[in-house]
K.L.:
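Would you mind keeping the following structure in view while I ask a few things?
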Amino acid sequence: MIFPLPPNATIGLVGGGQLGRMSALAAARLGYRCHILTREPDSPASQVAASATISDYHEPNGLREFAAAVDVISFEFENVSAEGLDLLASLKPVRPSPAILRTSQDRVLEKSFLNGAGVPTAPWAEVGSLDELRAAVARIGLPAVLKTTRLGYDGKGQAMLRRNEDLAAAFAALAPKPLILEGFIDFAQEISVVAARGEDGGYSAFDTVENRHRDHILDLTLAPARIPEAVHQQAQTIAQRVADALDLVGLLAVEMFVDARGRVLVNEIAPRPHNSGHWTIDACPASQFELHIRAIAGLPLPPAVRHSDAVMKNLIGPTETALWPAILATPGLIPHLYGKAEARPGRKMGHVTRLFAKGSLPGEFGIAAALGPAAPRVSDPV
Ligand code: AMP
């Protein structure tokens with residue numbers, strides 16, 4: 001396939017979730033078709049895409065059928081096996097490259113890569129036994145977080161270590177999976193940057209945003225982050241350094257902590273659209289999903305500018321999904337629903353965005369008022 005992809009070419013997306021759905025909608029606007037690889041017969045992405053292959057992500061026949069139907073392959077979901085990635089890459093161009101996906105799939109590879117590129121992270125150590133965990137805690141100190149190196153998300157596969165007595169139980173709960181110990185960062189804020197990089201090295205990054213989690217799941221994103229200019233600059237420099245060091249062709253989210261001293265440390269990277277970039281659909285002329293599609297299709301990258309400030313609130317589980325009629329009836333809330341049949345607890349069902357004139361993002365207490373029915377529960381600090 002010759003890049004840039006011509007109109008009506010077919011983009012293959014691995015994964016059928018909401019990130020694939022919103023990528024497919026952006027692709028359609030640019031005149032492309034999407035073909036989704038998903039295990040689910042009625043996935044959020046395949047509902048809005050031209051076609052789909054229903055298969056396990058590790059099943060060679062399914063991967064071959066998917067690759068045969070598309071011109072270029074990208075991802076909304078990263079956890080494809082190494083063999084699966086190699087098979088796909090032998091059949092069609094894969095963007096971002098399999099090497100980038102392998103780095104981001106494994107917290108040890110990811111942190112080694114980041115530190116090697118001069119990007120600061122929490123102190124960390126690979127842990128293969130309880131003795132190694134004790135030695136790592138002696139070096140890094142407590143509190144610390146023990147995590148599985150692979151397949152963890154939204155706080156799954158993690159244990160907080162506060163006292164030496166916690167070590168054995170945490171190790172027993174997570175082993176025999178490969179593990180990493182990370183020093184606990186007493187962060188002042190969690191921030192992220194979403195950036196795209198093209199095959200010619202062209203680069204566009206959205207403003208740094210601030211993320212609030214609840215029960216380890218993203219709850220709110222505030223765009224822009226309310227941080228000093230120096231912190232914003234650190235975050236932007238780090239994102240570009242990571243994209244360049246990866247030789248990225250595609251989209252990348254960099255999740256970071258700001259510590260009490262204003263230092264920026266990377267928590268993790270995701271080479272795909274990211275929940276903390278959903279606000280860009282409504283607050284930017286070209287969203288993270290459009291930049292994702294443009295980057296993998298070899299199209300020029302527009303600047304990642306925003307015309308408005310924004311607050312994005314995820315709608316998680318049955319309680320928040322029940323607010324849907326009230327959200328629809330509230331002027332100013334921009335609703336997005338992902339087409340999932342069942343609102344299980346912890347499941348991201350949709351999101352709402354509220355726009356503000358640039359420079360007028362409300363302070364702590366104004367956010368809940370601005371979101372009206374979608375506001376976080378009153379016990380929250382916002
Ligand atoms: P992760 O799965 O690594 O993205 O972690 C999920 C959430 O757990 C992060 O967004 C943080 O709120 C928290 N967390 C993870 N690692 C650390 C750490 N080393 N220090 C403090 N908080 C952490």
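Whatever order the structure lists ligands and atoms in, that order sets their numbers, starting from 1. Please read these numbers as outputs of a predicted model, since none were measured by experiment.
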K.L.:
Could you list which atoms of ligand 1 come closer than 4.0 Å to a heavy atom of Glu182?
P.N.:
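So the answer, numbered in order with elements, is 16 (N), 19 (N).
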K.L.:
Backbone, side chain, both or neither: what part of Asp186 comes under 4.0 angstrom of ligand 1, heavy atoms only?
P.N.:
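The answer is neither; Asp186 stays 4.0 Å or more away.
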K.L.:
Is there a side-chain contact between Ile11 and Ile296 in this structure, where contact means two heavy atoms from C-beta onward sitting under 4.5 Å apart?
P.N.:
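Counting from C-beta outward, Ile11 and Ile296 do come under 4.5 Å.
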K.L.:
Could you please spell out the steps behind the side-chain hydrogen bond (donor to acceptor under 3.5 Å, both in side chains) verdict for Gln236 and Gln240?
P.N.:
CA-CA 6 Å; Gln236 292 291 328; Gln240 183 149 19; over 6 Å; no
K.L.:
Does an N or O anywhere in Gly183 fall below 3.5 Å from an N or O of ligand 1?
P.N.:
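Yes, Gly183 has an N/O under 3.5 Å of an N/O on ligand 1.
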K.L.:
Report the part of Met160 in contact with ligand 1, treating N, CA, C, O as backbone and CB onward as side chain, heavy atoms under 4.0 Å; options are side chain, backbone, both, neither.
P.N.:
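Looking at Met160 and ligand 1, no heavy atom falls under 4.0 Å.
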K.L.:
Using a strict cut-off of less than 4.0 Å between a Lys/Arg side-chain nitrogen and an Asp/Glu carboxylate oxygen, indicate whether Asp244 and Arg241 qualify as a salt bridge.
P.N.:
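Looking at Asp244 and Arg241, the cut-off is not met.
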K.L.:
Are Leu13 and Phe75 packed together at the side-chain level, in the sense that at least one heavy-atom pair is separated by less than 4.5 angstrom?
P.N.:
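Leu13 vs Phe75: side chains apart.
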K.L.:
Taking the side chain as C-beta and beyond, is there a heavy-atom pair between Phe206 and Cys284 under 4.5 Å?
P.N.:
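Phe206 reaches Cys284 side chain to side chain.
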K.L.:
Under 4.0 Å from a heavy atom of His213: give me the atoms of ligand 1 that qualify, with their elements.
P.N.:
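Those atoms are 10 (O).
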K.L.:
Glu255 and His274: side-chain donor and acceptor closer than 3.5 Å?
P.N.:
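His274 and Glu255 do have a side-chain donor-acceptor pair below 3.5 Å.
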K.L.:
Would you mind running through ligand 1 and noting each atom that sits below 4.0 Å from a heavy atom of Glu190?
P.N.:
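Near Glu190, the atoms of ligand 1 are 9 (C), 10 (O), 11 (C), 12 (O).
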K.L.:
With heavy-atom distances below 4.0 Å as the criterion, list the atoms of ligand 1 near Phe257.
P.N.:
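Selected atoms, number and element: 11 (C), 14 (N), 16 (N), 17 (C), 18 (C), 22 (N), 23 (C).
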K.L.:
What atoms in ligand 1 come closer than 4.0 Å to a heavy atom of His216?
P.N.:
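Reading through ligand 1 atom by atom, the close ones are 8 (O).
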K.L.:
Looking only at distance, does Ile185 have an N or O less than 3.5 Å from an N or O of ligand 1?
P.N.:
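Right, the criterion is met.
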K.L.:
Has Asp215 got a side-chain atom pairing as donor or acceptor with Ile217's backbone, closer than 3.5 angstrom?
P.N.:
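The answer is no, because no donor-acceptor pair under 3.5 Å joins these two groups.
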